[in-house]
Amino acid sequence: MILTVDLNPAIEKRYIVDNISIGDNIKANSFTYNLSGKGIKVARLLNIFNENSFITGFLGGINGEYFHTKLKDAGIPHEFVGIKEDIRTIVKLKDISENYINIMEEAPRITREELVKFYNLSSRLMENMDIICGLGSTFHPSVPKDIYFDLITLANKKRKKFILDGTEDKIKYGIDASPYMVVLSKRELEGLMNVTLDFENQIIKSGQYILDRGVGFVIIDLQEKGSIVLGQDKGYRVEIPHYDGNLGNDHSGMIAGFALGIDRNYDLEMTMKLGQAFSIVTNIDPDLEATEISDIKRIMGQIDIYSINY
């Protein structure tokens, strides 16, 4: 079973308008309210593919109550630590010319008592899990920088596999705890190493630095160029068909695909194709409910994998 940790969920309010013009009253043609958060995306994707999963994190306020209700309606098992402050709201405006404005509230403050409850809850939930996916960014300063280190250390003691999302400054603390897998982009790898990576051999060598910290696998998302998967003994170049535009930098789909493949004991090639296909589908279409198994299988058939020998 897969446990997804989302430390900063939100309610996303999306408005479609004719034109975004500063200083004018803007009438919405349509609007939607959605659950937002990388961990939420992973849980929803796994739920669509009938994979047993569970989600945890922090919830509070009226937004938290709405969040809980929507998860319950979707049939996604969950247990969150209740907090005093309301979880954040993200407001997105988009017009017919593809202009957009995103307004993101600050993450809620987490008290010491709430944090202790979260660690205790995480420890209890991990007992019945095989894989833990750690996601969530833009934390409030009240959340300790080494929270990923603590969670990964806890998972390792319980012999659980921890997949760490690299889209967060706190990744450098998490790596030191030796998670099973780290997923990050080339840009994030550059930030971690404080270098510019122009060639694939440079990317591979930088990824090996993470492997040397005791990490089992490093997945480097190259977006529309596919990805690089590095293991302790061997690496792989995952190539994908051409797609117009930017595929985005959201690793939720890739993490969901890898977690699914690992939990079902698929071989490494199948798992890599699952992770890449999930990433492509979720970055092309934000409507997760529209994701079909046939779409995943079609894309998997278009993916080529080549070995990289160190």
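No hydrogens, no waters, no symmetry mates; every other heavy atom, side chains included, goes into these values. Nothing fancy with the numbering, it's 1 onward along the sequence.
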What's the verdict on side-chain contact (heavy atoms from CB on, under 4.5 Å) for Tyr236 and Leu268, showing C-alpha distance, side-chain angles and the deciding distance? CA-CA 10 Å; Tyr236 302 88; Leu268 183 56; 3.5 Å; yes
Minimum heavy-atom separation for [X] to [Y], with atom names?
X      : Y      : answer
Ile87  : Pro9   : CB-O, 3.9 Å
Phe258 : Gly275 : CD1-CA, 3.8 Å
Met1   : Phe54  : CE-CB, 4.1 Å
Val81  : Phe118 : CG2-CA, 3.5 Å
Met193 : Ser206 : CG-CB, 4.0 Å
Asn8   : Pro108 : OD1-CD, 3.9 Å

Counting C-beta onward and ignoring hydrogens, is there a side-chain heavy-atom pair between [X] and [Y] closer than 4.5 Å?
X      : Y      : answer
Glu106 : His140 : yes
Ile163 : Ile262 : yes
Ile16  : Phe31  : no
Glu51  : Arg264 : yes
Thr271 : Asp267 : no
Asn52  : Ile2   : no

Check: [Y] main-chain N/O paired with [X] side-chain donor or acceptor under 3.5 Å:
X      : Y      : result
Thr282 : Ser279 : yes
Lys186 : Leu197 : yes
Gln232 : Phe217 : no
Glu190 : Thr196 : no
Gln276 : Met300 : no
Gln202 : Asp198 : yes
Asp86  : Asn63  : yes
Asp146 : Phe149 : no
Asp95  : Asn19  : no
Ser142 : Ile110 : yes

Enclosure of [X] [atom1] (heavy-atom neighbours >12, cutoff 6.0 Å):
X      : atom1 : answer
Lys158 : NZ    : yes
Tyr100 : OH    : no
Glu113 : CD    : no

Quick one: do [X] and [Y] make a salt bridge, cutoff under 4.0 Å?
X      : Y      : result
Asp130 : Lys161 : no
Lys225 : Glu239 : no
Lys41  : Asp250 : yes
Asp176 : Arg213 : yes
Glu127 : Lys160 : no
Glu12  : Lys92  : yes

Apply the test side-chain contact (heavy atoms from CB on, under 4.5 Å) to residues Ile11 and Ile90: give CA-CA distance (whole Å), side-chain angles for both, the deciding distance (0.1 Å), then the verdict. CA-CA 6 Å; Ile11 301 297; Ile90 300 173; over 6 Å; no
Let me see the working for Thr56 and Thr4 under side-chain contact (heavy atoms from CB on, under 4.5 Å), right down to the final yes or no. CA-CA 6 Å; Thr56 189; Thr4 300; over 6 Å; no
Is there a path of hydrophobic side-chain contacts, each under 4.5 Å between heavy atoms, that joins [X] and [Y]?
X      : Y      : answer
Tyr33  : Leu93  : yes
Val116 : Leu59  : no
Ile210 : Phe199 : no
Ile103 : Tyr15  : yes
Ile96  : Ile20  : no

Using the salt bridge (charged side-chain N to carboxylate O under 4.0 Å, His left out) rule, take Lys38 and Asp6 through it: C-alpha gap first, then chi angles, then the decisive distance, then the call. CA-CA 7 Å; Lys38 296 173 184 176; Asp6 194 321; over 6 Å; no
Is it true that the side chains of Glu79 and His68 contain a donor and an acceptor less than 3.5 Å apart? no
Can you list the steps and then say if Leu154 with Tyr119 is a side-chain contact (heavy atoms from CB on, under 4.5 Å)? CA-CA 9 Å; Leu154 183 62; Tyr119 281 132; 5.7 Å; no
